[in-house]
**Q** 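Mind having a look at this structure? Questions to follow.
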Amino acid sequence: TLVATDGKRLSVTRLASNSEPTSVVLTSHILDLLAAVDYPGPLMFLQSDQHVFFQLGSRLLISRKSEQTFPAYERIIPHDHEKRACVDRQVLAAALRRVGVVSEENQAAYFAFDQGVLSLSSSSAGIGEADEQVAIQYDAEPLQVCCNWRYVLDFLEAASGSAVTIALKNPVSPMPLTDGWDFLNVVMLMRA
């Protein structure tokens, strides 16, 4: 299980592994270095008492272990959200890119969920307004939330499923997004 957070969002994914369970905290800098290496093969991960080792083919990256403890992320994941919207991942991503063009620096966008439709909107004093509508599967009462559209787009670009599910409770509770059982993202909502 790989977990990452920046305080405003949380991502959890599960990967198949044939090794013993272990726990280690990695800095985002190490993950950025690993992502920069374009290697199609498997990643080998080893650790000692003070170091972590990543082997990609003939390349070896060594880093000191972080002394930090990771937050209890399981408590952050909401499990009581009864409203669910299912939407095509690529359609939502394209609409968010268009709406996001006019957002302010805080990247705020409104997501208005209603029977069968998701209305996205954003505005900026200097640029104007943008509105998009996307077909969704949603049969709960209407609900509008505000969040950083870039966080949702990051999830959509990393997800692999053709459809994603957005769970909702109210306009202030964190918003979980999933692409099935493999990838979960929790986005903190903004005050509208």
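Any value given below was found using the heavy atoms of this structure, including those in side chains, with hydrogens, waters and symmetry copies removed.
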**Q** Return the minimal non-hydrogen interatomic distance between Cys146 and Ala108, and the atom names on each side.
**A**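 In this case the closest contact between Cys146 and Ala108 is SG-CB, 3.9 Å.
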**Q** In Å, rounded to the nearest 0.5 Å, how long is the span from CD1 of Ile136 to SG of Cys86?
**A**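 The CD1 atom of Ile136 sits 9.0 Å away from the SG atom of Cys86.
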**Q** Among residues at least two apart in sequence or on other chains, which ones pass ring pair (Phe, Tyr, Trp, His ring centres under 6.0 Å) with Phe45?
**A**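 Partners of Phe45 by the ring pair (Phe, Tyr, Trp, His ring centres under 6.0 Å) criterion, ordered by chain and then number, come out as Phe54.
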**Q** Between CG of Leu61 and CG of Leu33, what distance do you get to the nearest 0.5 Å?
**A**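 It comes to 6.0 Å.
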**Q** Let me confirm one number: the CG-CG distance from Asn170 to Leu189, rounded to the nearest 0.5 Å.
**A**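 It is 8.0 Å, given to the nearest 0.5 Å.
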**Q** Per the salt bridge (Lys or Arg N to Asp or Glu O under 4.0 Å) rule, what does the pair list look like for residues 162-175, sequence neighbours excluded?
**A**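 Sorted pair list: Asp80-Lys169.
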**Q** Answer yes or no: is there a side-chain heavy-atom contact under 4.5 Å between Leu156 and Leu177?
**A**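 The answer is no; the side chains never approach within 4.5 Å.
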**Q** Keeping to residues at least two apart or across chains, list the salt bridge (Lys or Arg N to Asp or Glu O under 4.0 Å) pairs with something in residues 118-127.
**A**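 Residue pairs with at least one partner in residues 118-127: there are none.
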**Q** Suppose we screen for side chain to side chain donor-acceptor pair (under 3.5 Å). Which residues come up paired with Asn106, at least two apart in sequence or across chains?
**A**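 Per chain and number, Asn106 pairs via side chain to side chain donor-acceptor pair (under 3.5 Å) with no residue.
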**Q** Should Met190 and Val172 be regarded as members of a common hydrophobic cluster, given that ILVMFWY residues are connected when their side-chain heavy atoms come within less than 4.5 Å of each other, either directly or indirectly?
**A**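 Different clusters.
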**Q** Is there a path of hydrophobic side-chain contacts, each under 4.5 Å between heavy atoms of I, L, V, M, F, W or Y residues, that connects Tyr138 with Val91?
**A**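 Same cluster: Tyr138 reaches Val91 through Ile, Leu, Val, Met, Phe, Trp or Tyr contacts under 4.5 Å.
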**Q** Measuring from atom CZ of Arg150 to atom CZ of Arg97, what distance do you get when rounded to the nearest 0.5 angstrom?
**A**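 Spacing of CZ (Arg150) from CZ (Arg97) equals 8.0 Å.
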**Q** Using the side chain to side chain contact (heavy atoms under 4.5 Å, CB included) criterion, which residues pair with Ala112? Sequence neighbours excluded.
**A**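 With neighbours one apart ignored, the set is Ser119, Gln144.
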**Q** Quick one: pull up CG in Leu60 and CG in Leu46 and give me the separation to the nearest 0.5 Å.
**A**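 Between Leu60 CG and Leu46 CG, I get 8.5 Å after rounding to 0.5 Å.
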**Q** Go through Val186 and Thr5 one step at a time and tell me if the side chain to side chain contact (heavy atoms under 4.5 Å, CB included) criterion holds.
**A** CA-CA 9 Å; Val186 179; Thr5 185; over 6 Å; no
**Q** Report the residues that fulfil side chain to side chain contact (heavy atoms under 4.5 Å, CB included) with Asp32, sequence neighbours left out, ordered by chain and then residue number.
**A**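 Not a single residue meets the side chain to side chain contact (heavy atoms under 4.5 Å, CB included) criterion with Asp32.
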**Q** For residues 45-72, which residue pairs qualify under side-chain hydrogen bond (donor to acceptor under 3.5 Å, both in side chains), counting only residues two or more places apart or in two chains?
**A**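 Of all non-adjacent pairs touching residues 45-72, those that pass side-chain hydrogen bond (donor to acceptor under 3.5 Å, both in side chains) are Thr22-Gln47, Gln47-Lys65.
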**Q** Leu184, Phe70: one ILVMFWY side-chain cluster at the under-4.5 Å cut-off?
**A**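 Yes, same cluster.
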**Q** Should Val164 and Asp179 be marked as a side chain to side chain contact (heavy atoms under 4.5 Å, CB included) after you check the CA-CA gap, both sets of side-chain angles, and the distance that decides it?
**A** CA-CA 5 Å; Val164 296; Asp179 75 342; 4.1 Å; yes
**Q** Would a hydrophobic clustering, with Ile, Leu, Val, Met, Phe, Trp and Tyr connected at side-chain separations under 4.5 Å, put Leu31 with Val52?
**A**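 Yes, Leu31 connects to Val52 through the hydrophobic network.
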**Q** Sequence neighbours left out, what pairs pass salt bridge (Lys or Arg N to Asp or Glu O under 4.0 Å) with at least one residue falling in residues 104-118?
**A**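 Listed once each, the pairs would be none.
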**Q** Would you check, one step at a time, whether the test side chain to side chain contact (heavy atoms under 4.5 Å, CB included) holds for Leu168 with Phe111?
**A** CA-CA 11 Å; Leu168 303 156; Phe111 291 62; over 6 Å; no
**Q** Answer yes or no: is there a side-chain heavy-atom contact under 4.5 Å between Leu92 and Leu120?
**A**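 Yes, side chains in contact.
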**Q** Answer yes or no: is there a side-chain heavy-atom contact under 4.5 Å between Ser160 and Asp182?
**A**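 Contact flag for Ser160/Asp182 side chains = no.
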**Q** Does any pair with a residue in residues 127-147 pass salt bridge (Lys or Arg N to Asp or Glu O under 4.0 Å), and if so which ones, sequence neighbours excluded?
**A**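 Only Lys83-Glu141, Arg98-Glu132 qualify under salt bridge (Lys or Arg N to Asp or Glu O under 4.0 Å).
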**Q** Give a yes or no on whether Phe53 and Leu26 share a hydrophobic cluster (residues Ile, Leu, Val, Met, Phe, Trp, Tyr; joining criterion: side-chain heavy atoms under 4.5 Å apart).
**A**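 No, because Phe53 and Leu26 fall into different hydrophobic clusters, even though each may have its own neighbours under 4.5 Å.
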**Q** Applying side chain to side chain contact (heavy atoms under 4.5 Å, CB included), can you list everything that pairs with Ala167, at least two apart in sequence or on another chain?
**A**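 Testing Ala167 for side chain to side chain contact (heavy atoms under 4.5 Å, CB included), a comparison that skips the adjacent residues, returns His81, Arg84, Pro176.
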**Q** After noting the C-alpha distance and the side-chain angles of Val145 and Phe113, does the key distance pass the side chain to side chain contact (heavy atoms under 4.5 Å, CB included) rule?
**A** CA-CA 8 Å; Val145 300; Phe113 296 86; 4.0 Å; yes
**Q** Just by distance, no angles: are the side chains of Ser122 and Trp149 close enough, under 3.5 Å, to form a donor-acceptor pair?
**A**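 No, no side-chain donor-acceptor pair sits under 3.5 Å.
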**Q** Which residues satisfy the side chain to side chain contact (heavy atoms under 4.5 Å, CB included) test with Arg9, sequence neighbours excluded?
**A**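 Side chain to side chain contact (heavy atoms under 4.5 Å, CB included) check on Arg9 returns Asp6, Tyr151, Asp154, Asn185.
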**Q** What pairs with Phe155 under ring pair (Phe, Tyr, Trp, His ring centres under 6.0 Å), at least two apart in sequence or on another chain?
**A**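 Once residues adjacent in sequence are excluded, the partners of Phe155 under the ring pair (Phe, Tyr, Trp, His ring centres under 6.0 Å) criterion are Phe183.
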**Q** Can you tell if the side chain of Pro171 reaches within under 4.5 Å of the side chain of Leu143, non-hydrogen atoms only?
**A**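 Contact flag for Pro171/Leu143 side chains = yes.
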